[in-house]
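This report concerns only the one structure given below.
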Amino acid sequence: MLRRETFRLPRHPASVGFARYRVRQHLATWGHDRGDEITERVVLLASELAANVVRHGPILERQFELAVTARADGSCFIAVSDESSAQPVLRAVPTAEDEMGRGLHLVDQLAQTWGVRGRGRHGKTVWAVVRQPCSRAVAGMPSPRSANSTIQAPQRQRG
């Protein structure tokens, strides 16, 4: 069974905190306890991906979309869509003095896999998958990476 919630938020700094609140609320409704590892990872990913849209999204874009899906195998899929066609870039590891550049490294460390899917003239979706610490992919379940996906991030599976 899949449980999915999608909502639109204004492209404003206050939306980052509200995104965390909504994702945590939805995961709790679906049986993920506050403070468990998967909840905290998904909430942090939602925060980081929303912050990236707020900071780097198109000036004229008023809203962005966030979707969170609790999947039957216990994993969670999170996606943030915006109208920008600019692809996020995983840069070299920032130094302690760098003020920016940590966001996608954080995404890369928290998610088992993540990527970017172009939406043509409608921008892009940045997505990530977080699995339960001991869960394994269910045989026969399709990967979130489909033949239509454009992956810009280095992909790796972590157990």
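Quantities reported herein were computed from a predicted structural model and do not represent experimental measurements.
- Of the inter-residue distances, the one linking Gln109 atom CD with Leu45 atom CG reads 11.0 Å to the nearest 0.5 angstrom.
- In terms of heavy-atom proximity, Thr6 sits nearest to Arg4 at OG1-NE, 3.5 Å.
- Side chains of Thr39 and Trp30 form no contact here, defined as non-hydrogen atoms less than 4.5 Å apart.
- Environment of OH in Tyr21: sparse, with no more than 12 heavy atoms of neighbouring residues, nucleotides or ligands closer than 6.0 Å.
- Counting heavy atoms from C-beta on, the side chains of Leu104 and Trp114 come closer than 4.5 Å.
- In this structure, Val54 and Phe64 have side chains that are in contact, with non-hydrogen atoms separated by less than 4.5 Å.
- The closest donor-acceptor contact from the side chain of Glu83 to the backbone of Gly123 lies at 3.5 Å or more, if one exists at all.
- At least one side-chain heavy atom of Val126 sits under 4.5 Å from a side-chain heavy atom of Pro88.
- Two residues are said to be in side-chain contact when any heavy atoms from C-beta on lie closer than 4.5 Å; Arg71 and Val129 meet this criterion.
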Hey, mind stepping through Ser81 and Arg119 against side chain to side chain contact (heavy atoms under 4.5 Å, CB included) and telling me if it holds?
CA-CA 9 Å; Ser81 301; Arg119 299 185 313 141; 3.8 Å; yes
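- Here the side chains of Ile78 and Val130 are not in contact, with every heavy-atom distance at 4.5 Å or above.
- At a cut-off of 3.5 Å, with distance as the only test, no side-chain donor of Ser75 or Arg131 sits close to an acceptor on the other residue.
- Taking CG of Leu66 as the start and CG of Leu9 as the end, the distance is 6.5 Å to the nearest 0.5 Å.
- No donor-acceptor distance shorter than 3.5 angstrom exists from the side chain of Lys124 to the backbone of Asp82, with no hydrogens or angles considered.
- Partners of Arg11 by side chain to side chain donor-acceptor pair (under 3.5 Å), not counting sequence neighbours: none found.
- The minimum heavy-atom distance linking Ser84 with Ala86 is given by the pair OG-N, 3.1 Å.
- Residues forming a salt bridge (Lys or Arg N to Asp or Glu O under 4.0 Å) with Arg34 (at least two apart in sequence, or on another chain): none.
- Judged as a side chain to side chain contact (heavy atoms under 4.5 Å, CB included), and not counting sequence neighbours, the contacts of Ala51 are Val16.
- Of all the heavy atoms in Arg20 and Ser47, the pair that sits closest is NH1-OG, 2.9 Å.
- Every residue two or more places apart in sequence or in another chain that forms a side chain to side chain donor-acceptor pair (under 3.5 Å) with Arg8 is listed here: Gln63.
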Just do the side chain to side chain contact (heavy atoms under 4.5 Å, CB included) check on Arg24 and His32 with the steps written out, would you?
CA-CA 9 Å; Arg24 187 180 308 279; His32 290 275; over 6 Å; no
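- At a threshold of 4.5 Å between non-hydrogen side-chain atoms, the residues Ile38 and Leu27 do not count as touching.
- Applying the side chain to side chain donor-acceptor pair (under 3.5 Å) test to Glu37 and every residue at least two apart in sequence or in another chain returns Arg41.
- Take Arg22 and apply the salt bridge (Lys or Arg N to Asp or Glu O under 4.0 Å) test, not counting sequence neighbours, and it matches Glu5.
- Cys76 approaches Ala70 most closely through the heavy-atom pair SG-CA, 4.3 Å.
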